[in-house]
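The next block holds one structure in the form of structure tokens; read it before the comments.
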2 protein chains.
Amino acid sequence: MAGTDAKTPRERYRTQVRAEIKELAWEQIATTGASALSLNAIAKRMGMSGPALYRYYAGRDELITELVRDAYRSLADTLRSASAAGADLAVLAHTLRAWALEDPQRYLLIYGTPVPGYHAPDDITLISSETMAILLDACAALPSDGPATPFDAHLADHRDWADGHPAPPAVLHRALSFWTRLHGVLSLELAGHFTGMGFDPALLFAAELDDLLTVMDR
Amino acid sequence: MAGTDAKTPRERYRTQVRAEIKELAWEQIATTGASALSLNAIAKRMGMSGPALYRYYAGRDELITELVRDAYRSLADTLRSASAAGADLAVLAHTLRAWALEDPQRYLLIYGTPVPGYHAPDDITLISSETMAILLDACAALPSDGPATPFDAHLADHRDWADGHPAPPAVLHRALSFWTRLHGVLSLELAGHFTGMGFDPALLFAAELDDLLTVMDR
DNA sequence: AAGATTCCGTTAGAGGGTATCACGAACCGT
DNA sequence: ACGGTTCGTGATACCCTCTAACGGAATCTT
């Protein structure tokens, strides 16, 4: 939080109110979901009347965009600090799951159903590519002696998203598989599709991760 | 559609209007997403004023529930007819993907972000278990000579969701993997998380499916 | 065929949401 | 102390869901 404490008291107050709005927004989102986020309700909880919030956020969309940005940032930071502490892919996976379970709606805000019209600003895409870079690094740490698949060949020519990362196509493929598979288990768990089925989602996650790692090691 | 044509003209009219409402609802959902579905907008497109729709649906929730039901039913029917035509797991997977791409919002209506408060009626859970049964059948068709994993052992004691299906735990595990992995790729594709990355989502899907099948075959 | 009943669609209205606008008040730097 | 900036407010327009009361049409009953 480098730029939080501003020079003038006015700006101090402003950023503090913006932070309080976001905090209440997260609270509300955690219980009612992002689609039911209401500026009005936040304003009333802050003791002021509706339109006042428009001094701080141009509208609902801008607030949600800010929340999405923070969510991406939080995920990237969490994974990076784990990675910096020497986490391998397995630890990274459990870090991801812990982050998701900590606030399911925050995960779903990023990876859940998007609003058809909405398009995220460029800086958000940038933060999300940070996460991808961390993943690529972790995937590159494994030995890569598997057979090249057709999709690997395709990736050799379509690797713009790797953003200059020097990993070979097989590593890119690994990172994608890591992402999509863990998201598959996680999102279904968070969406409640496993409730009532009886088994422990954590064990399914572990099994998927295990399978993922043994395949990568061959 | 056995009960569609009712006896009395009144019921005929009623069911026809209900169908028209649903049709417009699907149109609207396809473009604006489920969260933005508006009874008012549907009514105006039908040339009548808002509250009239409440003669046909008790409210927005009931309409959406009906849409969810129809979506589950459509998926189950699609997979069953494919299965009846002799489709193996690979064909089933591509059938699933085709069904999802045909109307992304329909897929997301089922497997996307849920509204925290909402709980689906029991009959919907039943239809979804039909889909699971089809999957289990297809998974049981493969030879099962892999090593038993810890999760397999867990499934042996937590298999209520299989609803009496005589498949061994390893097959249950396969079905779950099939479901979660394909959902992982599909949902990210439908949510647009691959746009701008450059590669072809269809190839990633194919690669994931290939990996899934070779692992299952061992 | 005529009356009774049921059902349909309308308007009116409560309550909540987003968002804009103009106005008074508080604040801050000068 | 003064003047410009910023803040919070109420009023307003326009969405939405949903309920209630009313007139009219279609259906059922006798």
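Letters A, B, ... are given to chains in the order of the sequence lines, protein chains preceding strands, and every chain is numbered from 1.
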Could you tell me the separation between the [atom1] atom of [X] and the [atom2] atom of [N], rounded to a whole number of Å?
X       : N      : atom1 : atom2 : answer
A:Glu62 : C:dT20 : CD    : P     : 11 Å
A:Arg12 : C:dC27 : CZ    : P     : 16 Å
B:Arg18 : C:dG9  : CZ    : C1'   : 17 Å
A:Arg55 : C:dA25 : CZ    : P     : 16 Å
A:Ile42 : C:dG17 : CD1   : P     : 11 Å

Checklist entry - Does A:Arg12 offer a backbone N or O that forms a donor-acceptor pair with the side chain of A:Thr15 under 3.5 Å? => result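 Yes.
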
Item to check | N/O donor-acceptor pair under 3.5 Å between B:Ser74 side chain and B:Asp70 backbone | outcome: no

Of the nucleotides [options], which has the atom closest to the [X] side chain?
X       : options               : answer
A:Tyr13 : D:dA26, D:dG8, C:dG9  : D:dG8
A:Arg10 : D:dG8, C:dA26, C:dT10 : C:dA26
B:Arg14 : C:dG9, D:dT9, C:dC8   : C:dC8
B:Met48 : D:dT9, C:dT10, C:dG29 : C:dT10

Item to check | A:Ser49 side chain near D:dG10 phosphate (N/O to OP1/OP2, under 4.0 Å) | outcome: yes

Checklist entry - Distance only, no hydrogens: is a donor on one side chain within 3.5 Å (strictly under) of an acceptor on the other, for A:Ser38 and A:Gln28? => result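 Absent: no donor and acceptor within the cut-off.
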
Checklist entry - Any chance the side chains of B:Tyr118 and B:Thr65 put a donor and an acceptor closer than 3.5 Å? => result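 Distance-only check passes for B:Tyr118 and B:Thr65.
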
Show each protein N/O and nucleotides 13-18 of chain D N/O combination with a separation under 3.5 Å, one pair to a line.
unit_1, atom_1, unit_2, atom_2, d
D:dC16, OP1, B:Ser38, OG, 3.3
D:dT17, OP1, B:Leu39, N, 2.6
D:dT17, OP2, B:Asn40, N, 2.9
D:dC18, OP2, B:Tyr54, OH, 3.2
D:dC18, OP2, B:Arg60, N, 2.7

Checklist entry - When rounded to the nearest 0.5 angstrom, what distance separates OG1 in A:Thr113 from CG in B:Leu108? => result 4.5 Å

Checklist entry - Are B:Phe199 and A:His154 close enough that their ring centres sit under 6.0 Å apart? => result no

Checklist entry - Touch check for B:Tyr56, heavy atoms < 4.0 angstrom, all strands: base, sugar-phosphate only, or nothing? => result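 Sugar-phosphate contact only.
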
Item to check | Derivation of the salt bridge (charged side-chain N to carboxylate O under 4.0 Å, His left out) call for A:Asp123 and A:Arg73 | outcome: CA-CA 11 Å; A:Asp123 67 298; A:Arg73 171 104 284 147; over 6 Å; no

